[in-house]
Undergrad: 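The structure is given below, and queries will be raised subsequently.
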Amino acid sequence: MTDSAGEAARFLTRNAVDALPEGELERQLAKGRPLRVKLGVDPTTPDIHLGHTVVLRKLREFQELGHQVVLIIGDYTARVGDPSGRSSIRPEANPAEIDGNALTYEAQAFRVLDRDATEVHRNGEWLDMPMEDLFRLARSSTVAQLLERDDFAKRYSAGEPISVLELLYPLMQGYDSVAIRSDIELGATDQKFNVLLAREVQRSYGVEAQSILTMPILPGIDGVQKMSKSLGNYVGVNDSPEEMYGKLMRVPDAAMPTYYELLLDDPLEPSVPPRDAKRALARALAARYHGEQAAAATAERFDAVHIRHELPEQIEDFAFAANGDAVHLPALLADAFGVSRSEARRLLGQAGVKLDGEALDESALDLPAERLDGAVIQLGKRRHKRLRRR
RNA sequence: GGGGGGAUGUCCGAGUGGCUAAAGGAACGCGGCUGUAAACCGCGUGGCACUGCCUACGCAGGUUCGAAUCCUGCUCCCCCCA
């Protein structure tokens, strides 16, 4: 075992949770040949967010060390739905939607990965198998083994349903490893069971078992739950610089060390005040996905709006119709911001609506059109529209 | 195949004939304080033609002056036995 293998292994595992079996990665690296590094993603949502980039960045590190990254777009497994971390059965995913997502997924993944050094497969290539092959696959594990997994065990003992299809999911993922002959599989910690079970599946097919490397899960911008699209606490890699910056500024301080460790190359200096650390993070990530210039402009605009309380530079116009002189505010707000009229009324009653910076109150539900024309109407802290009479 | 239990708002979860647009919690929104942080305080969270009306407690019917609550059928889920 050479020093360089040990060094590389230490580097690659520095912010990982598990690298199993113990020492295996170093042994693999010491062989001196490029490793086949697997990552499987199910295109269940069209967007990649910063949470996904944690593992993608790790993959990128492998790439930069000369290893072969194999990205598997789980078009077939997406139709089953990964039960990991789930407490209930997923609704069946729609194949057409999955195909669409797969394309955008791939494109977005290459904002982190080097396209030329990445092998991409759809697992439909091999999972669309005859029943006979499924028999073989289904024999590679046992119900007891599958039920050992934490989320299944919980659901089972809580008397919640587990479908047979879900039980099959880890086997399908494991077969991916057989199909591409992976040396190592990456995943977030919630994938630990799946990636470990793949070792069993590989053995049962007589191929060498992969090692595994799991990464921590990035909390969402609420700082508590994992970042996920369905929880609405995510920052998408395709978000505009303003969205990225603004969302990241809402992340609680407590999550900063984790964000730094998982998303940036340099660790968080403890001496940096939390607010500055967060600004630097927001700035760095906006720059990563949109360039230094856009990031600088975004930061400047953010300060203008939130520190100097100026209006945002760009405010979308909203054309309103006024067929008399008076305009009914709840209706206007409902149309402009996509809230219900009832909600608009409530917000008016809570001083949550401002016209050119001044709070409106619910005593005046109708305002003259001329007062509105050209004015900026603001809902809460962050939603603005410039009104134009149609 | 037999027996038992269950389905309530974004989620969890109370509620077994009127006082229930439905307790409580979580989540979220608005306001205050602030750093679009945390903590804390206040208000709010079905819709609308809004001092009122409409819709809502798995689905469809029924009983009743009145049903989330009672009855019938159906759908789905869980457990035990086989």
Side-chain angles (χ1 to χ4, degrees), chain A residues 85-92 147 152-166 219-226 228-235 239-260 268 272-283 285-286 298-312 324 326-335 337-355 357-366 377-384:
Chain A
R86 287 272 151 174
S87 54
S88 55
I89 293 182
R90 286 195 179 204
E92 198 175 317
L147 282 179
F152 281 156
K154 276 194 191 124
R155 281 162 66 178
Y156 192 67
S157 62
E160 278 155 15
I162 301 166
S163 76
V164 174
L165 189 58
E166 287 180 284
I221 59 173
D222 58 354
V224 180
Q225 306 205 70
K226 75 172 198 172
S228 99
K229 177 143 184 171
S230 55
L231 293 173
N233 62 359
Y234 72 105
V235 180
D239 278 357
S240 70
E242 288 76 20
E243 282 174 302
M244 272 191 187
Y245 198 95
K247 285 178 179 177
L248 288 166
M249 287 304 281
R250 298 175 71 184
V251 174
D253 292 351
M256 272 309 108
T258 310
Y259 268 62
Y260 266 73
L268 176 60
V272 178
R275 188 179 59 105
D276 298 338
K278 189 168 2 179
R279 289 170 61 85
L281 173 94
R283 172 78 177 262
L285 289 171
T298 297
E300 163 52 28
R301 274 198 293 273
F302 183 88
D303 289 352
V305 173
H306 296 287
I307 295 180
R308 301 195 296 274
H309 300 291
E310 296 164 14
L311 286 173
V327 174
H328 191 55
L329 279 176
L332 177 78
L333 290 165
D335 291 347
F337 295 105
V339 297
S340 76
R341 293 183 184 202
S342 301
E343 193 178 351
R345 275 169 190 271
R346 273 181 237 124
L347 289 166
L348 281 164
Q350 294 176 141
V353 182
K354 290 190 184 121
L355 189 66
E358 273 183 59
L360 298 171
D361 67 276
E362 58 188 334
S363 63
L365 289 183
D366 299 277
I377 196 153
Q378 181 179 349
L379 198 66
K381 282 199 180 82
R382 329 181 245 282
R383 287 172 281 184
H384 303 81

Undergrad: Base, sugar-phosphate, or nothing for A/Lys278, non-hydrogen atoms under 4.0 angstrom?
TA: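 Base: the residue A/Lys278, judged by heavy atoms under 4.0 Å, touches a nucleobase.
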
Undergrad: In the structure I gave you, are the side-chain heavy atoms of A/Tyr245 and A/Ser240 within less than 4.5 Å of one another anywhere?
TA: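 Result no, sub-4.5 Å side-chain heavy-atom pair not found.
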
Undergrad: Answer yes or no: is there an ion pair linking A/Arg382 with A/Glu243, defined by an N-O contact shorter than 4.0 Å?
TA: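 A salt bridge is absent here (no side-chain N lies under 4.0 Å from a carboxylate O).
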
Undergrad: So which protein N/O to nucleotides 24-30 of chain B N/O distances come out below 3.5 Å?
TA:
from: B/G29; atom 1: N2; to: A/Gln350; atom 2: OE1; distance (Å): 3.0
from: B/C30; atom 1: O2'; to: A/Gln350; atom 2: O; distance (Å): 2.8

Undergrad: How far apart are the closest heavy atoms of A/Pro330 and A/Leu365, and which atoms are they?
TA: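 Heavy atoms of A/Pro330 and A/Leu365 come nearest at CD-O, 3.7 Å.
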
Undergrad: In whole Å, measure the gap between the P atoms of B/C33 and B/G24 for me.
TA: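 It works out to 28 Å between them.
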
Undergrad: Side chains of A/Leu333 and A/Leu348, heavy atoms from C-beta outward: is any pair under 4.5 Å?
TA: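 Side-chain contact under 4.5 Å: yes.
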
Undergrad: Find the partner of B/U51: check Watson-Crick (N1-N3 plus N6-O4 or O6-N4) and G-U wobble (N1-O2, O6-N3) distances, both under 3.5 Å, and reply none if neither fits.
TA: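 Paired with B/U51, as far as the under-3.5 Å criterion goes, is no nucleotide at all.
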
Undergrad: When both hydrogen-bonding distances must be under 3.5 Å and the geometry is Watson-Crick or G-U wobble, what is B/G1 paired with, if anything?
TA: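 Checking every strand shown, B/G1 finds its partner in B/C81, with both distances under 3.5 Å.
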
Undergrad: What is the separation between atom CZ on A/Arg341 and atom C1' on B/C48, rounded to the nearest whole Å?
TA: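 Answer to the nearest Å: 8 Å.
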
Undergrad: Is B/A7 paired to anything, Watson-Crick or G-U wobble with both distances less than 3.5 Å, and if yes, which nucleotide?
TA: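 B/U75 is the nucleotide pairing with B/A7.
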
Undergrad: Rounding to an integer number of angstrom, what distance separates B/U69 and B/G15 when you compare their P atoms?
TA: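 The answer is 15 Å between these two P atoms.
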
Undergrad: Please state the C1' separation for the pair B/C48 and B/A56 - nearest whole angstrom.
TA: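 Taking atom C1' in both B/C48 and B/A56, they lie 15 Å apart.
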
Undergrad: OP1 or OP2 of B/G35 less than 4.0 angstrom from a side-chain nitrogen or oxygen of A/Arg279, does that happen here?
TA: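 So the side chain of A/Arg279 is outside the cut-off, no N or O lying under 4.0 Å from OP1 or OP2 of B/G35.
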
Undergrad: Between atom NE2 in A/His306 and atom C1' in B/A37, what is the gap in whole Å?
TA: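 Value for this atom pair: 14 Å.
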
Undergrad: Let me know the distance between CG of A/Asp253 and P of B/A39, rounded to the nearest Å.
TA: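 Roughly 11 Å, once rounded to whole Å.
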
Undergrad: Taking for each residue the nucleotide of RNA chain B with the nearest heavy atom, is it A/His328 or A/Lys354 whose nucleotide lies nearer the 5' end?
TA: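 So the residue in question is A/Lys354.
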
Undergrad: Rounded off to whole Å, could you give me the CG-to-P distance for the A/Leu329 and B/A49 pair?
TA: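 Value for this atom pair: 13 Å.
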
Undergrad: Give me the atom names and distance for the closest heavy-atom approach of A/Tyr260 to A/Ala280.
TA: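 Heavy atoms of A/Tyr260 and A/Ala280 come nearest at OH-CB, 3.6 Å.
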
Undergrad: Sticking with atom C1', work out how far B/A60 lies from B/G18, rounded to a whole angstrom.
TA: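 About 25 Å, rounded to a whole number of Å.
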
Undergrad: Could you tell me whether the side chain of A/Glu343 and the main chain of A/Arg345 form a donor-acceptor pair under 3.5 Å?
TA: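 Judged by distance alone, no pair lies under 3.5 Å.
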
Undergrad: What is the pairing partner of B/A38, taking Watson-Crick or G-U wobble pairs with both distances under 3.5 Å in any strand?
TA: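 Pairing partner, where one exists within any strand: none, as none qualifies.
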
Undergrad: Between B/A14 and B/G2, how many Å separate the two C1' atoms, rounded to a whole number?
TA: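 My reading of the C1' atoms in B/A14 and B/G2 gives 33 Å.
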
Undergrad: Tell me: CZ of A/Arg346 to C1' of B/A21, nearest whole Å?
TA: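 Atom CZ in A/Arg346 sits about 12 Å away from atom C1' in B/A21.
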
Undergrad: Taking the C1' atom of each, how far is B/G61 from B/C11, in whole Å?
TA: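 Those two atoms are separated by 31 Å.
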
Undergrad: Can you tell me, in whole Å, how much space there is between the P of B/U55 and that of B/C71?
TA: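 Those two atoms are separated by 25 Å.
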
Undergrad: Think A/Ser342 has a side-chain N or O under 4.0 angstrom from the OP1 or OP2 of B/G46?
TA: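 It does not, given that no N or O in the side chain of A/Ser342 lies less than 4.0 Å from OP1 or OP2 of B/G46.
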
Undergrad: In the strands shown, is B/A27 matched to any nucleotide by a Watson-Crick or G-U wobble pair with both distances under 3.5 Å, and which?
TA: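 WC or wobble partner is B/U45.
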
Undergrad: Should B/C19 form a Watson-Crick or G-U wobble pair with both distances under 3.5 Å, which nucleotide is its partner?
TA: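 The base-pairing partner of B/C19, which may sit in any strand shown, does not exist here.
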
Undergrad: Watson-Crick or G-U wobble partner for B/C33, using a 3.5 Å limit on both distances?
TA: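 B/C33 is unpaired by these criteria.
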
Undergrad: For atom P, what is the distance between B/G31 and B/A49, given to the nearest Å?
TA: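 About 24 Å, rounded to a whole number of Å.
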
Undergrad: What I'd like to find out is whether the side chain of A/Leu329 reaches to under 4.5 Å of the side chain of A/Val353, using heavy atoms alone.
TA: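 Sidechains of A/Val353 and A/Leu329: no contact.
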
Undergrad: Quick one: are A/Val339 and A/Arg383 in side-chain contact, heavy atoms under 4.5 Å?
TA: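 A/Val339 reaches A/Arg383 side chain to side chain.
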
Undergrad: Just so I know, are the side chains of A/Arg279 and A/Asp303 near enough to count as touching, which here means a heavy-atom distance under 4.5 Å?
TA: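 Yes; the side chains approach each other to less than 4.5 Å.
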
